[in-house]
Protein chains: 2
Amino acid sequence: MSPRTLDADAFDQRENDILECALNFISQEGIAALTMDKLVKALPYSKGTVYNHFSGKEDLLLALCNRGMKILAEMFDRAATFDGIPRERALCMFFAYMLYAKLSPTQFMLVLTAKTDSVTEKASVARQNEHLELEGRLIKPAVEIFASAQERGELNPPIPLTLQQITFICWSQSFGTNALLNADTDRCSARQGMLIEEETMNGMHILLDGLNFSPRSDQHDWSALIERIKTDIFQTEIQQLAQMGVVLAI
Amino acid sequence: MSPRTLDADAFDQRENDILECALNFISQEGIAALTMDKLVKALPYSKGTVYNHFSGKEDLLLALCNRGMKILAEMFDRAATFDGIPRERALCMFFAYMLYAKLSPTQFMLVLTAKTDSVTEKASVARQNEHLELEGRLIKPAVEIFASAQERGELNPPIPLTLQQITFICWSQSFGTNALLNADTDRCSARQGMLIEEETMNGMHILLDGLNFSPRSDQHDWSALIERIKTDIFQTEIQQLAQMGVVLAI
DNA sequence: TGCTATAAATGACGATTCGTCAAAAATAGT
DNA sequence: ACTATTTTTGACGAATCGTCATTTATAGCA
């Protein structure tokens, strides 16, 4: 009556295979060079199967972006567990964002692509909802850090702001810095000599000082904090960067 | 011996026609729907002629982005002439950025597209150099404002920063806010209820306070400043927004 | 072990899109 | 009117997209 073949996790596994293959391709050849035909050729599956997972190229790109955001969410969760005062935890979180941008530049740049109309217009609704949910999940630990700071009286913005607004402002800063500095930097005079790791920290300190988030940037040993973050929380990521030949400037 | 037909400004005029047509198309149908074939059909020129101006679709998009940046540069120049203290002029400038993003959302979003690899990889080198030069031109008046503030002793960052770094930090903040809030906002909980005009100003005040850029946010009548900016400098733009049915929340 | 009903995978196909280039049209001097 | 040269044209081939009729694989059943 009902004999059939269903896949349980095999489906997810295969979806991951496809995404992994697409990421490899993009990393080597660039987004522009990725076509569904070429991707299929590099895959042990057929075109129909790929289209069974993704409604099209844009949907696949957004899925890849979301996959990266899950990794980032995990890093954020880890940052939230950092054993320190709220301002230290906040810095740890945005340090994680910068680390992700350096570690997976291709996937980070997909966030830009995802915010582009071309994708917004063609990716599947389900995938876009997933993207928005992930944004919410990313924001959450940050809001909690600011909340705990507020409870402890360590956060006193000069103008009335909700926790969401405070989080959003920091997110904007961090996003902007990563987006602008992840692109080729040498040729633009305005960005010449800027390092993503330094400017992320500079921007954050200025912002947190502006929020009256104590202790202020000149009342604490922040370089010691960076060292602790690097060894205690993100040792794995630092090692991965080292394997890529990247050494942080801070 | 040498009889021929050359175009002087007619060439530029036609290039502008093409861009205008492309912008109309994108505004109505979206970037994804724009194809060279359709664009040519909507144009009194042939495909070869269009390709005589632009090396391809990406090149055209970047040209459109650059065209918008020229308008923005003009707005920045106007902002720099604002008769006020440095912090007022700085706010005026980033107010202009926000205004541009609201006034020409399509063109603002093209900046994101322009930073995407697909474009970076396919647009012509000349167009990309133009883009970088325009970025430099945009930054310049901002640097000068911070320089004058520094001379007057009104700018005392808690950590040592060059004028370029200070400018970059503010640019990042502004760029991030505009980019994140220009996209559809309702569905993401993290951005719910956020207004681009409010958050731009909030972010800027926090940042400038963090830079010890006097007078601080709570030591001056900034709402009066906004009114002056709206009537004295950007009256035209405010009217254009009004015609679009948009009224600023501030 | 066959047999069957259904799910899943396949890849050939038509429709678009891109960018090119040989041919046609336009132009200014003679 | 003729000519040398620039400019425009749009038909073309290659590449890409997404679909869908067909084929293959599988699980239960006799």
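In the text below, chain A, chain B and the rest are named by the order of the sequence lines, each starting its count at 1.
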Kindly say if T49(A) contacts the phosphate of dA8(C), meaning a side-chain N or O under 4.0 Å from OP1 or OP2. no
Between atom CZ in R14(B) and atom P in dA26(C), what is the gap in whole Å? 14 Å
Does atom NZ of K230(B) have more than 12 heavy-atom neighbours, drawn from other residues, nucleotides or ligands, at distances under 6.0 Å? yes
Determine which pairs satisfy side chain to side chain donor-acceptor pair (under 3.5 Å) with at least one residue from residues 18-38 of chain A, sequence neighbours left out, and list them in order. E20(A)-R67(A), D37(A)-K47(A)
For each nucleotide in nucleotides 17-22 of chain C, reading 5' to 3', give B when a protein heavy atom comes within less than 4.0 Å of its base, S when such contact involves only the sugar-phosphate, and - otherwise. BBBB--
Applying side-chain contact (heavy atoms from CB on, under 4.5 Å), name anything that partners A126(A), two or more places apart in sequence or on another chain. S124(A)
How many Å lie between CG on N52(B) and P on dA25(C), as a whole number? 19 Å
Show me, pair by pair, the donor-acceptor contacts under 3.5 angstrom made by side chains of residues 170-178 of chain A, not counting sequence neighbours?
residue : atom : partner : partner atom : Å
S172(A) : OG   : F168(A) : O            : 2.9
Q173(A) : NE2  : T177(A) : OG1          : 3.3
T177(A) : OG1  : Q173(A) : O            : 2.8
N178(A) : ND2  : S174(A) : O            : 3.1

What is the distance, to the nearest angstrom, from the CZ atom on F11(B) to the C1' atom on dT8(D)? 13 Å
Could you state the CZ-P distance from F54(A) to dT16(D), rounded to the nearest angstrom? 20 Å
Test side-chain contact (heavy atoms from CB on, under 4.5 Å) applied to E121(A) - qualifying residues, sequence neighbours left out: D117(A), A32(B)
Using whole Å, what does the distance between atom C1' of nucleotide dC17(D) and atom CG of L60(A) come to? 14 Å
Residue pairs meeting side chain to side chain donor-acceptor pair (under 3.5 Å), one or both in residues 96-107 of chain A, sequence neighbours left out, come to K102(A)-E197(A)
To the nearest angstrom, how far is E121(A) atom CD from dC17(D) atom P? 17 Å
Rounded off to whole Å, could you give me the CD-to-P distance for the E15(B) and dT8(D) pair? 12 Å
Specify the separation, in whole Å, of atom NZ of K41(A) and atom C1' of dC17(D). 13 Å
